[in-house]
Amino acid sequence: MMFEPTLFHYLTLAAMTFCIGVFGVLVRRNAITLFMCIELMLNSVNLTFITFSKYRVDMDGHIFSFFVMAVAAAEAAVGLAIILHVFRHKRSVNVDEANRLKL
Amino acid sequence: MLHALMQTGFPLLGLLTPPSGAEYAALIPGAIAALVAMLVVLVDTFHRPGTRRDYLAYISAVGMGVVVLSCWALWDSTIDRPVFHGMLYLDKFGLFFAALAAAAGGLALLQVPAYMNFQRMDRGEFYMLVLFSVSGAIFMANAADLLTVFIALELMSIPVYCLAGYMRRDGRGAEAAMKYFVLGAFSAGLMLYGMALIYGVTGTTNLEYIGINLSRVIETGAVETGFGMIVLGVLLVLSGFAFKIAAVPFHIWTPDVYTGSPSPGVGFMSTVVKAGAFAAMLRVLFVAFEDPMLRGGFYGTGWVDVLFFMSAASMVLGNTVAIMQDNIKRMLAYSSIAHAGYILLGIVAAGARPEYFLFNDAVLFYLASYTFGTVGAFGVLSYLGRKGTTVETYEDIAGLGLKYPFAGLMMGVFMFSSAGIPPTAGFVGKLYIFRAAVDVGVQTGEFAFIGLSVLAVLTSVAGAYYYLRVLVCMYMKEPTRDDWVEASESKSARLSLGICAALTLALGILPATMLELSREGVVDFQGVPASVREVQREGGEQLKQIRDAAERSREPAPKGEVPQG
């Protein structure tokens with residue numbers, strides 16, 4: 001019998017990807033890696049939206065995921081500029097070294 | 001199982017009809033803000049090098065004034081259904097926040113020339129960033145769909161990330177921007193996943209249909225399979241909002257970002273971003289998550305209980321940690337966390353039962369009073385300075401109250417308002433929030449509400465210590481370094497401080513107009529379920545009468561008459 005992926009499989013994949021993203025943001029120390037993990041979270045959101053959209057035969061989720069992609073691109077433009085800016089000052093993108101402002 | 005969940009269809013939103021002419025009015029305030037932003041960029045390209053950019057501040061302020069006027073003009077032509085196929089609302093609630101965001105943005109921008117001339121960072125981009133962010137905040141307050149909420153949230157936030165790193169020669173600015181950006185994008189990701197789950201359960205992103213479908217799902221007992229998704233979705237969406245309003249435990253970024261960002265920008269981001277997030281939060285909570293199951297409070301555990309603990313934690317942590325700060329910007333950052341706690345207290349009271357919805361007017365009033373006081377306080381910090389340095393610590397402002405009487409007087413008004421001392425706006429705001437909480441506590445017999453308001457009063461007493469310490473430093477200490485700090489000559493900054501102080505005092509002495517506006521704002525809050533609409537229809541007048549009677553009873557009895565009883 002052929003393996004037929006169902007709603008459950010897609011959602012589990014999306015949830016796992018999301019958790020990997022969250023975990024990455026919490027433990028990694030390189031700003032670029034943090035940023036990649038955030039993108040991973042956004043992409044798992046897209047996968048969730050598209051899965052539900054396909055399952056419900058409804059276009060809203062597809063539209064939402066397009067907007068998420070567009071906003072993620074805008075965020076990437078600003079985010080990478082900010083990381084570059086930090087690198088100019090610190091010669092490093094390690095977030096542990098960004099400690100001039102103390103809690 | 002999950003199929004039963006998915007059967008909860010919803011009617012199509014008349015997708016084939018184009019929006020009617022009147023519906024375009026919903027775009028006016030936000031569109032004007034965006035157009036002013038573009039105009040500022042355009043005008044700045046013709047800037048003559050070597051001259052000052054004060055005129056950009058005036059252009060932006062006039063543009064923001066036009067936004068406020070447009071809200072005033074639209075005030076009576078609201079529409080009682082969502083427009084643009086369920087994407088936006090045009091109601092008094094949204095217009096109230098649009099006017100507030102525009103006013104705060106304009107006042108903050110008038111302070112920019114003073115600060116930037118001290119810092120030698122006079123550039124045109126600052127105005128554009130703030131104006132686009134105002135546009136985002138306005139659309140966020142009018143959002144009727146999760147999609148609009150998300151896009152407006154990002155339109156509001158992305159310029160503010162840039163704003164945080166604006167002082168590019170200062171390494172602290174870069175650090176603040178990175179912290180704000182990483183945590184902001186992270187919280188946006190969490191919120192989006194919550195939205196995806198809510199969409200999965202309800203099959204729609206429209207707030208009203210989410211409300212209807214969630215109730216149906218919960219009623220039909222499909223809860224067993226879908227409830228986990230619903231709870232997770234609600235919590236994730238809430239956490240996204242909690243990050244923007246800087247409520248404990250999502251407050252970690254606040255002190256660092258506020259310290260590293262330019263002062264007029266902090267005044268903006270601590271008020272407009274917070275107001276926009278609170279407006280969208282009220283929409284989502286009272287329109288989409290209005291089901292008693294999700295609301296909780298007395299029915300079980302729901303968002304009322306979550307916000308209850310967030311409110312208590314924010315008030316306690318914000319006020320106690322603020323006492324230990326030596327940097328005024330950090331102190332104000334922690335105090336803004338505390339203010340978020342007070343505002344959440346109002347939402348908790350209003351959310352306890354559907355019939356208390358109208359208590360939200362205290363939230364609107366408090367946000368207005370907080371906005372002008374905070375923009376003003378950061379304005380004083382922008383107004384004082386010296387070439388290349390900023391005024392941040394208590395030491396910096398020592399003795400300045402007598403040296404620069406205007407700055408001292410203004411700071412006095414704003415600190416009194418933040419501390420909640422009459423006759424300022426902050427006092428009336430706190431009074432109405434605490435009264436709403438006590439009223440709800442008494443009426444429901446749920447003493448947790450009274451306990452929380454007692455906690456709120458106690459923490460605000462603690463708050464008075466660090467606000468008044470600013471004034472003690474300004475008036476009773478000797479300057480530590482002679483001629484270190486000077487006051488700016490910028491007229492626009494003085495104008496902005498004057499307007500902020502006038503509004504703060506006006507809201508404190510004659511709060512009736514603003515109270516009436518906030519009452520109309522909650523009475524004309526669209527999208528709420530039928531039970532609340534009933535309350536809005538009847539309660540609007542009722543609430544007004546109760547408040548009027550209270551006002552009358554406070555007036556002294558006429559002479560010659562002995563009060564009876």
Against chain B, label [X] side chain, backbone, both or neither, depending on which of its atoms sit under 4.5 Å from a heavy atom there.
X	answer
A:F64	both
A:A15	both
A:T51	neither

Any idea which heavy atoms bring [X] and [Y] closest together, and the distance?
X	Y	value
A:F49	B:Y199	CD2-CD2, 3.6 Å
B:A188	A:E75	CB-OE2, 4.5 Å
A:F52	B:M229	CZ-CE, 3.5 Å
B:G189	A:L42	CA-CD2, 3.9 Å
A:V86	B:A174	CG2-O, 3.4 Å
A:A74	B:I158	CB-CD1, 4.1 Å

Looking at B:V257, B:T259, B:D170, which one has more heavy-atom pairs under 4.5 Å with chain A than the rest?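 The answer is B:D170.
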Out of B:T205, B:N327, B:V321, which one racks up the most heavy-atom pairs below 4.5 Å with chain A?
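Most heavy-atom pairs under 4.5 Å with chain A: B:T205.
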Main-chain N/O of B:R168 paired with A:H89 side-chain donor or acceptor, under 3.5 Å:
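Side chain of A:H89 to backbone of B:R168: a pair is present.
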Notebook entry, point to check: Backbone N or O of B:G200 within a donor-acceptor pair of the A:R56 side chain at under 3.5 Å?
Noted result: yes
Under 4.5 Å, counting heavy-atom pairs only, tell me which of [options] racks up the most with chain B.
options	answer
A:S53, A:S65, A:A81	A:S53
A:N46, A:I63, A:V45	A:V45
A:L34, A:V25, A:I83	A:V25

Are more than 12 heavy atoms, taken from residues, nucleotides or ligands other than [X], located less than 6.0 Å from that residue's [atom1] atom?
X	atom1	result
A:Y10	OH	no
B:R172	CZ	yes
A:M16	CE	no

Out of curiosity, [X] [atom1] to [Y] [atom2], how far, rounded to the nearest 0.5 Å?
X	Y	atom1	atom2	value
A:L84	B:M178	CG	CE	12.5 Å
A:D58	B:T204	CG	OG1	7.5 Å
B:T148	A:F67	OG1	CZ	9.0 Å
A:H85	B:E175	NE2	CD	11.0 Å

Report which part of [X] has an atom under 4.5 Å of a heavy atom belonging to chain A: side chain, backbone, both, or neither.
X	result
B:F186	both
B:D145	neither
B:Y193	both
B:A164	neither
B:L190	both
B:L146	both

Side chain to side chain contact (heavy atoms under 4.5 Å, CB included) with A:V78: of B:C162, B:S157, B:P159, only one passes, and it is B:C162
query: Quick one: are B:V182 and A:V95 in side-chain contact, heavy atoms under 4.5 Å?
result: no
Exercise for the section: Indicate yes or no: at least one non-hydrogen side-chain atom of A:V71 is less than 4.5 angstrom from one of B:F150. Expected result: yes
